[in-house]
Amino acid sequence: MENREPKIVCFVCNFAFCQDEIELPDNVNVARVNCIGRLDPVTVVEMFEKGIDAVMLAGCKPPDCHFVEGNAQAELAVRLLKKFLLLAGLEPNRIKLVWYSPVEEENLGDCVSKYYEAVKGFSNSLESKQQQPEFVVNLSAIKNAFSNFQLRVLLGREKELTEEVNVYGEKLSQGEFDTLLDDIVKTEFIRQKIYVLARCVPMSIKGLSESTNLKSAEVLGHIVNMRRKNLIAFDHLEGQTPFYKALEVN
Amino acid sequence: MPINNNTQVKRRLPPCRSACPARVNVQAYVSLLQRGKYKEAVEIIRNDMPFPAICGRVCFSPCEDACARTNVDQAVAIRALKKLAADVERESGRVKPKAVPEKQRERVAVIGGGPAGLTAAYELAKLGYPVTVFERMAEPGGMMRYCIPDFRLERFVVKNEIAYIRDLGIEIKTGVEFGKDITLDSLQKEGYKAIFLAIGTQQGMKLNILGEDLNGVINAVDFLRDVALEKDVKVGKRVTVIGGGNSAIDAARTSKRLGAEKAIVLYRRSREEMPALSSEVEEAEKEGVEFHFLVAPKQIIGENGKVKAVECARMRLGEPDESGRRRPVPISFSEHQYEVDTVIPALGQVAEIASVPPGLSNKETKMPLVAVDPLTLETAILGVFAGGDITSGPASIIEAVGAGKKAAVSIHLYLTGQDIHEGREDGVEETTWIRNWGYVQKKDRRYKPALEKPRLGFDEASDYLERTERNAKFEALRCLGCGPCAECLANTDLCEVDKAIVDEALCIGCNVCAVVCPFGAVKKDESNIAKVNEDLCKGCGICAARCPTRAITMKKLTDERIASLALATLKEK
């Protein structure tokens with residue numbers, strides 16, 4: 001454990017938040033949002049990029065959402081974020097979602113303080129990691145993944161997909177949806193990582209496979225796929241080895 | 001000049017507000033109470049009517065009947081919330097209204113210091129008219145002061161609310177009787193350009209049965225008024241009240257407090273048809289008041305000029321009459337007697353015939369009432385308007401307030417030489433954003449299991465709210481916020497609501513926004529581009545967080561703003 005105070009950002013739903021009677025540790029900042037479902041996962045990842053050690057989201061305790069299902073949306077986003085953090089080699093608990101209600105006995109200050117203590121136990125601060133290339137690459141991969149169309153559509157349509165039938169009359173069970181999500185999280189993370197790496201310098205498959213700890217065959221599969229989507233293109237040959245470079249997406 | 005006239009424009013209103021005769025902005029003050037802003041909440045109520053504390057105590061709260069939450073669980077305890085807000089405000093010190101500089105020269109006379117008259121005076125004073133209120137009794141307040149017993153509506157509450165109205169610069173002349181000290185002619189001669197007649201219905205209706213003149217028969221209105229005047233009123237050991245309205249219940253509860261051992265309320269229909277508030281009936285039962293239903297008095301039997309017994313007949317319910325309630329039909333040979341010492345008829349009130357000016361009376365009704373245009377409240381005499389019980393027959397405070405507001409608008413239009421009929425249709429469209437009630441989660445009050453009734457008893461509710469401040473917050477948070485956003489606090493600086501906007505260049509018509517929007521506020525149009533319906537958008541921003549192409553942003557709280565808010569103070573540290 002480092003002898004250092006962690007930095008925490010706490011996003012609070014406007015409707016769950018009573019401004020009175022809370023006392024916060026020095027390094028905690030509270031930002032109010034209209035609804036905890038308002039929070040774009042990209043914003044959360046940006047917090048980590050800026051060196052914030054942990055992010056706490058406090059939403060209205062289900063079933064009390066002023067916007068009916070904003071807290072369910074937040075829950076799903078947090079679930080995904082945790083998966084990504086794990087893939088990036090960070091503690092998933094750097095994100096914490098708490099349900100909170102102004103009538104609850106425990107007030108928000110207590111929740112935050114408790115979490116603050118837990119965060120102190122994390123191995124190292126993200127501020128110090130800001131210089132490490134791997135950390136930077138991982139985080140921008142997550143950020144890209146969350147800006148990605150496919151993932152956002154899935155996020156937005158979870159309820160529709162799992163609760164109603166699609167145009168073919170099929171219904172996705174929650175389990176099937178989760179597997180689908182897991183799959184997409186994994187591939188998306190790898191692909192975005194490849195993309196981020198190849199954006200800086202043209203990379204060979206071997207180089208990519210070393211930095212992503214994947215077999216070259218798998219990397220090749222991703223590259224083929226990404227070429228089809230116009231995300232990456234052949235750049236040049238070095239001897240017999242092709243090098244690939246990421247394309248700017250607009 | 002902008003006038004505060006919510007009955008004028010066709011608007012889409014949440015169910016609570018459209019159910020309220022005075023169109024009090026319920027959603028707005030409840031949403032302020034969610035944030036613990038009591039003072040601001042009371043201010044919002046005062047925009048619409050001058051009696052927050054009084055209505056918080058005795059209104060029959062049609063808003064709660066209409067509350068959309070009754071579709072899911074129980075109505076929000078709106079009345080108790082209002083009472084709490086008004087009480088907190090009062091206890092934090094006397095609030096004075098912002099003084100209105102007298103902008104108009106035409107003097108207005110209001111006859112009758114009850115809820116209708118005082119509201120009209122209040123609204124007109126806010127518009128800058130010099131208003132004089134003439135009241136017959138020693139104190140203004142009408143039925144609120146003299147007919148509702150102290151245990152339901154404390155005198156100091158009434159006094160306080162009237163003091164607020166007085167502070168607007170209204171002159172209240174008490175002890176002036178209409179028809180005796182003043183007449184319509186004399187007022188017009190004195191230079192009053194418009195007159196609002198709101199004298200109410202002051203006389204208790206008669207039973208029209210044998211023995212009504214016996215010693216020991218006292219009409220409920222007179223009885224309650226005498227008690228309110230602190231006269232020495234005596235009741236016998238056994239009291240029977242005849243009727244099923246609120247004054248019947250009040251009379252029974254009052255006589256219990258005056259020492260009656262037994263108080264029986266006789267009502268000719270059954271409990272369901274009773275016009276009294278069910279919460280009042282329950283309270284009365286708790287206090288030991290007995291209720292006998294389907295019983296009607298035939299005659300009062302006396303002994304030595306004093307009441308000895310009431311002879312009654314049993315009734316059964318027949319076909320519905322014109323009021324929609326089932327007509328009671330006597331059952332033959334069912335006569336029986338109640339041994340009593342005091343009989344209090346509480347059958348409703350009529351206007352004193354002498355007080356209705358000739359030429360104004362409404363010939364269509366059986367009761368002596370004043371005939372008015374229901375839209376504008378103008379009478380047959382130019383410049384004379386009438387409203388409240390005197391035109392509608394005995395009704396409630398909030399209806400009188402509604403009439404007062406309507407009259408104030410009419411008088412203002414009349415005095416400024418405008419057409420008082422134009423655009424006065426009271427077109428209100430009830431609205432709520434909820435399409436699928438299955439999505440709305442039950443939110444029971446935390447202190448007890450789910451209740452069967454659509455509404456919470458008032459005393460229970462105010463008990464609950466007063467226990468802790470958080471309870472009040474939670475209760476206010478149960479509000480679904482049905483109305484379109486513009487209904488709530490828009491145009492006030494208290495509004496915190498955000499709106500979504502679509503960058504059409506980025507939108508690809510994937511429809512995710514329509515799926516995630518809980519309010520159905522975002523939809524694709526024919527050109528496959530998302531459009532935000534600002535009336536329905538409540539600014540949660542979920543669509544902005546989920547838009548795959550990030551085409552949707554919020555007007556106020558953009559992603560960048562959230563990020564900068566989150567990092568703001570940390571940077572300094």
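Chain letters run A, B, ... following the sequence lines, proteins first, then strands; residues in each count from 1. All values derive from a computational prediction rather than experimental measurement. Computed from heavy atoms alone, side chains included, the values below leave out hydrogens, waters and symmetry copies.
- Nearest heavy atoms, B/Arg546 versus A/Ala74: NH2-N, 4.3 Å.
- Taking 4.5 Å as the limit, some side-chain heavy atom of A/Arg157 sits within range of a side-chain heavy atom of B/Val512.
- Side chains of A/Val33 and B/Arg561 form no contact here, defined as non-hydrogen atoms less than 4.5 Å apart.
- With a 4.5 Å cut-off on non-hydrogen atoms, A/Val42 touches chain B through its side chain but not through its backbone.
- Heavy atoms only, all atoms of each residue included: B/Cys540 and A/Arg38 are closest at O-CB, 3.1 Å.
- Between chain A and the residues B/Ile508, B/Leu557, B/Thr549, the largest count of heavy-atom pairs under 4.5 Å involves B/Leu557.
- Not a single side-chain hydrogen bond (donor to acceptor under 3.5 Å, both in side chains) links A/Lys96 to another residue, sequence neighbours left out.
- Residues B/Ala545 and A/Gly37 share a closest heavy-atom pair of CB-O, 3.4 Å.
- Rounding to the nearest 0.5 angstrom, the gap separating the CD1 atom in B/Ile542 from the CG atom in A/Asn71 is 8.5 Å.
- The only option from A/Leu39, A/Asn34, A/Val9 that meets the side-chain contact (heavy atoms from CB on, under 4.5 Å) definition with B/Ile562 turns out to be A/Leu39.
- The shortest distance between side-chain heavy atoms of A/Ile52 and B/Leu567 falls below 4.5 Å.
- The number of heavy atoms from other shown groups lying within 6.0 Å of CD (A/Glu170) is above 12.
- Of the charged side-chain nitrogens involved, at least one lies within less than 4.0 Å of a carboxylate oxygen, so that A/Asp40 and B/Arg550 count as a salt-bridged pair.
- Nearest heavy-atom pair, B/Val516 versus A/Gly156, reported as atom, atom and distance to 0.1 Å: CG1-O, 3.2 Å.
- Rounding to the nearest 0.5 angstrom, the gap separating the CD atom in B/Glu560 from the CD atom in A/Glu46 is 8.0 Å.
- Distance check, rounded to the nearest 0.5 Å: SG of B/Cys547 to CZ of A/Arg152 gives 6.5 Å.
- Note that CG of B/Leu565 and OG1 of A/Thr43 are 11.5 Å apart. Values are rounded to the nearest 0.5 Å.
- Neither the backbone nor the side chain of A/Phe146 comes within contact range of chain B; no heavy atoms are under 4.5 Å apart.
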